[in-house]
> 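The structure under discussion is supplied below as structure tokens; questions concerning it will follow.
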Amino acid sequence: MEPLVEVKNLNVEFDVRDGIVHAVDGVSFTVHRGRTLGVIGESGCGKSITAKTIMQMVPKPGEITSGEVLFHYRDKYDPEGDIEVINITNLDPDGRRIRKIRGGEIGMIFQEPMSSLTPVYTSGTLIGEALHLHRLVPKTVGEEMAQNIKEYRHVTDEEAREISIEMLRKVGIPKPEQRVDSYAHQLSGGQRQRVMIAIALSCRPAMLIADEPTTALDVSIEAQILDLMADLQETVDMAIMFITHDLGVIAEVADEIVVMYMGKQVETADATELYYNPLHPYTRALLKSIPQIGKRSTQRLASIKGMVPDPFNLPSGCVFHPRCPEYMPGKCDRIVPKWTEVEEGHYARCLLYEEV
Ligand code: SF4
């Protein structure tokens, strides 16, 4: 497995009027080329901020206080070229380098397609803008790939329109020749989401960050989008970072899973291992709370007791202790658990697995 993005001990803080919020607290993981990393956790646990940090898009007053995001860059138009390791956290968020990576090398599908698509541009213009900025085509007409970087050129307006129609067709939008001239308000929720996916994928990024990409969609459209992402992943060896709170969806798509709670990474393992052998009490509770077909309708759905704590007033010791079914008094409320490799490649942050 070839690493593409390595996140190392990342910390992001928000200094607001009521105090400092540690939105991302010591998170580390690796996304590999051609593989899917699932990131799960309740709302507000730091999943989206982690993703935005990878794109150098942390909203103000957020700040990366420590840690690294290493991007193993290889020019997709020069596959024989060397890999350059770029520390994204050192780049100017408005600089040329990150603008080339953002969209061109790492595409992102945001949670809310209605507010993420500019209402005054048609879907064709939005896809075309990304293509003009990030996509090259071989100088020889009709070729899919060229021999080296000098044999490529930028796309023309006509080509951008053709590629936009083709992308809309690929994401399953009916009558793409007409929809290419549609504005966001003329599209349904599912179509808007697919336009977002078309924009993100049109430049053939090395990695796609999909932040709750199917939350607003009904299950049939959701299944279509998941199939489409899997097809494109196979075709262009793209890595995917899939962020969701839906454990059913993540079971279908992920190779590896990161579980987050209150900005901290509490468990990481191979997806099958995590589903069959969850170690952290929070992961176990999340898995128990998935509704199951065949259960009697009168049976209560399992839930995690209590509420997510106030980020300005976090519990002492393990932050999950007030809600944990395996809470050990005098221990869990006093000692901060360490990140521990419990089994090979299976990590957890819990005192049950530490010799204290
Ligand atoms: Fe539960 Fe204690 Fe483990 Fe925290 S450290 S998850 S409170 S058992």
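Start at 1 and go down the list; that is how both ligands and their atoms are numbered.
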> Any N/O/S of Cys324 under 2.8 Å from atom 4 (Fe) of ligand 1?
no
> Inspect the contact between Glu42 and Arg323 and indicate whether a charged nitrogen and a carboxylate oxygen are less than 4.0 angstrom apart.
yes
> Around atom CZ of Arg334, are there more than 12 heavy atoms from other residues, nucleotides or ligands closer than 6.0 Å?
no
> Any idea which atoms of ligand 1 are less than 4.0 Å away from a heavy-atom of Cys332?
2 (Fe), 5 (S), 7 (S), 8 (S)
> Within a distance under 4.0 Å of any heavy atom of Pro281, pick out the atoms of ligand 1 and give their elements.
1 (Fe), 6 (S)
> Of the protein's non-hydrogen atoms, which lies at the shortest distance from atom 4 (Fe) of ligand 1, and what is that distance?
Cys318 SG, 2.4 Å
> For atom 8 (S) of ligand 1, grab the closest protein heavy atom and report residue, atom and distance to one decimal in Å.
Glu326 O, 3.4 Å
> Do the charged groups of Arg35 and Glu234 touch, with an N to O distance under 4.0 Å?
no
> When you look for heavy atoms under 4.0 Å from ligand 1, do you find them on the side chain of His280, its backbone, both, or neither?
side chain
> Give a yes or no on whether a salt bridge exists between Glu105 and Arg204, defined as a side-chain N under 4.0 angstrom from a carboxylate O.
no
> Which heavy atom of the protein is the closest neighbour of atom 5 (S) of ligand 1, given with residue, atom name and distance?
Leu351 N, 3.2 Å
> Flag the pair Asp237 and Lys76 as a salt bridge only when some basic side-chain nitrogen lies within less than 4.0 angstrom of an acidic carboxylate oxygen.
no
> Decide if atom CD of Glu68 counts as having more than 12 heavy atoms of other residues, nucleotides or ligands within a radius under 6.0 Å.
yes
> With respect to atom 2 (Fe) of ligand 1, please indicate if Cys350 possesses an N, O or S atom at a distance under 2.8 Å.
no
> Leu352 heavy atoms, cut-off 4.0 Å: which ligand 1 atoms fall inside?
8 (S)
> Salt-bridge test for Arg74 and Glu2: reply yes if a basic N is under 4.0 Å from a carboxylate O, no otherwise.
yes
